[in-house]
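Numbers here simply count residues along the sequence, with the first being 1. No hydrogens, no waters, no symmetry mates; every other heavy atom, side chains included, goes into these values. Quick caveat, the model's predicted, so the values are computed rather than measured.
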Amino acid sequence: MSLSRIMQWVTGGAEALLGIPFIGGIYIFSNAYTPLFVMLLLHILTLILAKRDGRWIAGSVIGIITSVIAWIPIVGMIMHWISAIALIISGMQSNKKDDENIIYQ
């Protein structure tokens with residue numbers, strides 16, 4: 001499993017946790033919105049890795065947008081859900097390089 005695929009799973013799981021009603025909001029507020037900045041950095045890293053490996057990047061792009069606008073309470077929660085779904089789906093998909101490695105090993 002490639003590092004980009006692992007990062008898609010990790011960021012997808014983190015987005016799912018941040019999207020839990022009330023709990024995610026309390027966590028973000030209590031840490032002075034720092035989790036949104038950390039997630040922004042993780043999404044940028046995941047985007048770079050996914051682009052390098054030829055993987056689907058839409059989940060990371062949605063995650064970056066989410067990190068920027070998630071300070072709006074209800075909108076943020078919904079965006080965390082959308083990001084989590086997109087990242088987990090992209091983490092489940094194989095790419096051409098993974099398939100080539102299996103074939104040629």
Side-chain angles (χ1 to χ4, degrees):
M1 187 179 287
S2 65
L3 181 58
S4 62
R5 193 170 181 183
I6 293 169
M7 286 300 295
Q8 286 174 330
W9 276 101
V10 168
T11 54
E15 287 290 350
L17 291 174
L18 291 174
I20 297 172
F22 301 111
I23 297 172
I26 291 170
Y27 179 72
I28 290 170
F29 291 140
S30 66
N31 288 299
Y33 296 96
T34 303
L36 296 180
F37 180 70
V38 171
M39 288 305 297
L40 175 65
L41 296 177
L42 289 175
H43 286 304
I44 292 170
L45 174 64
T46 304
L47 175 71
I48 292 167
L49 293 172
K51 186 77 171 167
R52 179 195 69 182
D53 292 345
R55 297 190 58 80
W56 193 49
I57 62 168
S60 296
V61 172
I62 294 169
I64 290 169
I65 294 168
T66 298
S67 296
V68 173
I69 66 169
W71 56 272
I72 306 168
I74 302 298
V75 174
M77 180 181 67
I78 294 168
M79 288 300 295
H80 284 303
W81 295 343
I82 294 169
S83 298
I85 291 167
L87 285 160
I88 290 169
I89 289 172
S90 64
M92 290 188 315
Q93 294 176 338
S94 64
N95 63 348
K96 293 177 188 173
K97 289 182 182 179
D98 289 342
D99 293 338
E100 289 172 4
N101 288 339
I102 292 170
I103 293 170
Y104 295 115
Q105 287 182 347

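Among all heavy-atom pairs drawn from Lys51 and Ile57, the shortest one is N-CG2, 3.9 Å. The two residues Gly91 and Trp9 come nearest to each other via the heavy atoms O-NE1, 3.0 Å. Closest approach of Gly59 to Ala86, counting heavy atoms only: CA-CB, 3.8 Å. Closest approach of Ala84 to Ala16, counting heavy atoms only: CB-N, 3.5 Å.
Distance alone, capped at 3.5 Å, is enough to place a donor-acceptor pair between the Arg55 side chain and the Gln93 backbone. A donor-acceptor contact shorter than 3.5 Å is absent between the side chain of Trp56 and the backbone of Ser90.
Using a 4.5 Å heavy-atom threshold, the side chains of Met77 and Pro21 count as touching.
A single hydrophobic cluster is not seen to contain both Tyr27 and Val10; linkage of ILVMFWY side chains at heavy-atom distances under 4.5 Å, directly or through other members, places them apart.
In this structure, Ile48 CD1 and Arg52 CZ are separated by 10.0 Å, a value rounded to the nearest 0.5 Å.
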Would you mind writing out the side-chain donor-acceptor pairs for residues 34-46 within the sub-3.5 Å range, not counting sequence neighbours?
residue	atom	partner	partner atom	Å
Thr34	OG1	Asn31	O	2.8
His43	NE2	Glu15	OE2	2.6
Thr46	OG1	Leu42	O	2.7

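Under the side chain to side chain donor-acceptor pair (under 3.5 Å) criterion, the residue pairs touching residues 58-78 are Thr66-Ser83, with sequence neighbours excluded.
Environment of CD1 in Ile74: sparse, with no more than 12 heavy atoms of neighbouring residues, nucleotides or ligands closer than 6.0 Å.
For Ile23, the side-chain contact (heavy atoms from CB on, under 4.5 Å) criterion is met by Ile20, not counting sequence neighbours.
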